[in-house]
Asks: 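What follows is a structure written as structure tokens; I'll ask about it next.
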Amino acid sequence: MNRAALVVIDVQESFRQRPIWAHGSHPDIVGQVDRLVTAARDRGDLVVWVLHSEPGTGGVFDPASGHVRLIDGLTPAEGEPTLVKTAHNAFTTTNLQQLLTLAGIGDITVCGIRTEQCVETTARVGADLGYRMTFVTDATLTFPTPHRDLPETATLAEVLADPRTLSTEEIITRTEYALAGRFATVRTVDEVTGATLAGTRS
């Protein structure tokens, strides 16, 4: 296997419907992802789009809500597959591995929403499956995470005011530490697209 693929995970309207969207780590996630997509297409890499779905829940991830779609500004090109998952990682409930195997993919670059959840778990599973994974840290987005002891009924204001809430900066740093040198190479959009000659991290 020697081809490469870009897997775009959960950059979907569902997240924009949540009040916490305004507190996300990278407000220009669409622009950053679009840069990666453009570079991947220019190289002839496969681009795979993944959406998260929770059928029957009545929430923003329920397909019936109409929000399980890419955020405006991102559009698959002809021949680029769009997969729908119901697990956090992009492999478990889709045919992603089969699709990548048939395409001869050995290198995977991942980006998307929920830095430490959907994108990280996809990187970990992909590494375990034998793919060479690249995690584009500034083309991911995440949100402040409440402490485990905070009641589920806590308001957004209470979450943000709680000193135990994990900030997006802390989440990103911890995710990079967990992945780098173990499951993925950590890169920036500039590094992946060749827009800078900045030093690399692995």
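The model shown is predicted, which means the values in this text are computed figures rather than measured ones.
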Asks: Whether D190 and R35 form a salt bridge (side-chain N of Lys/Arg under 4.0 Å from carboxylate O of Asp/Glu) is what I want to check.
Replies: yes
Asks: Considering only NZ, NE, NH1 and NH2 on the basic side and carboxylate oxygens on the acidic side, decide whether E80 and R41 come within less than 4.0 Å.
Replies: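 Result for this pair is yes, salt bridge flagged.
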Asks: Same cluster for F135 and L141 if Ile/Leu/Val/Met/Phe/Trp/Tyr side chains link at under 4.5 Å?
Replies: no
Asks: Using a 3.5 Å distance criterion without hydrogens, assess whether the side chain of S25 forms a donor-acceptor pair with backbone atoms of T142.
Replies: yes
Asks: Under the side-chain contact (heavy atoms from CB on, under 4.5 Å) test against V119, which residue among L179, V7, V110 passes?
Replies: V110
Asks: Is the backbone N or O of V189 less than 3.5 Å from a side-chain atom of D138, with the two atoms forming a donor-acceptor pair by type?
Replies: yes
Asks: Does H88 have more than 12 heavy atoms from other residues, nucleotides or ligands lying within 6.0 Å of its NE2?
Replies: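 For H88, atom NE2 is not crowded (no more than 12 foreign heavy atoms under 6.0 Å).
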Asks: Among the clusters formed by ILVMFWY side chains lying less than 4.5 Å apart, do I172 and I9 turn up in the same one?
Replies: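 No, separate clusters.
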Asks: Quick one: CG on D34 to SG on C111, what's the gap to the nearest 0.5 Å?
Replies: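 Output value for this atom pair is 10.5 Å.
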Asks: Tell me, do L51 and L83 make a side-chain contact under 4.5 Å, heavy atoms counted?
Replies: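 Counting from C-beta outward, L51 and L83 never come under 4.5 Å.
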Asks: Not counting sequence neighbours, which residues clear ring-ring contact (aromatic ring centres under 6.0 Å, His included) with F61? List them please.
Replies: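 F61 satisfies ring-ring contact (aromatic ring centres under 6.0 Å, His included) with F15, H52 once adjacent residues are dropped.
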Asks: Going hydrophobic residue to hydrophobic residue with side-chain gaps under 4.5 angstrom, can you get from V37 over to M133?
Replies: no
Asks: Check whether any side-chain N or O of T122 sits under 3.5 Å from a backbone N or O of A90 as a donor-acceptor pair, and report yes or no.
Replies: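 Side chain of T122 to backbone of A90, a donor-acceptor pair under 3.5 Å: yes, one is there.
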Asks: Answer whether the closest heavy-atom distance between the side chains of V50 and V8 falls below 4.5 Å.
Replies: no
Asks: Mind jotting down which residue pairs meet the salt bridge (charged side-chain N to carboxylate O under 4.0 Å, His left out) criterion with at least one end in residues 85-102? Sequence neighbours excluded, please.
Replies: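 Matches after skipping sequence neighbours: D10-K85.
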Asks: Tell me if a side-chain donor or acceptor on N89 pairs with a main-chain N or O of T92 at a distance below 3.5 Å.
Replies: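 Yes; judged by distance alone, with no hydrogens or angles, the pair exists.
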Asks: What I'd like to find out is whether the side chain of T121 reaches to under 4.5 Å of the side chain of E116, using heavy atoms alone.
Replies: no
Asks: So Q12 and V68, do their side chains get closer than 4.5 Å, heavy atoms only?
Replies: yes
Asks: Check whether any side-chain heavy atom of T188 sits under 4.5 Å from a side-chain heavy atom of E191, and report yes or no.
Replies: yes
Asks: Would you say the side chain of L36 lies within less than 4.5 Å of the side chain of V136, judging by non-hydrogen atoms?
Replies: yes
Asks: If we ignore hydrogens and angles and just use 3.5 Å, is the side chain of S14 paired with the main-chain N or O of H67 as donor and acceptor?
Replies: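 Yes, because the side chain of S14 sits within donor-acceptor range (under 3.5 Å) of the backbone of H67.
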Asks: Mark yes or no for whether H147, through its side chain, and D149, through its backbone, hold a donor-acceptor pair below 3.5 Å.
Replies: yes
Asks: Got a salt bridge between R174 and E176, using NZ or NE/NH1/NH2 to carboxylate O under 4.0 Å?
Replies: no
Asks: Hydrogens and angles aside, do E170 and T173 bring a side-chain donor and acceptor to less than 3.5 Å of each other?
Replies: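 There is no such pair (donor and acceptor under 3.5 Å, judged by atom type) between the side chains of E170 and T173.
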Asks: Closer than 3.5 angstrom, by distance alone: can the side chain of R114 be matched with the main-chain N or O of T140 as a donor-acceptor pair?
Replies: no
Asks: When you measure from the side chain of E158 to the backbone of T155, do you find a donor-acceptor pair of N or O atoms at a distance under 3.5 Å?
Replies: yes
Asks: Write out all pairs satisfying salt bridge (charged side-chain N to carboxylate O under 4.0 Å, His left out) with one or both partners inside residues 58-69, taking only residues at least two apart or from two chains.
Replies: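 Only R69-D72 qualify under salt bridge (charged side-chain N to carboxylate O under 4.0 Å, His left out).
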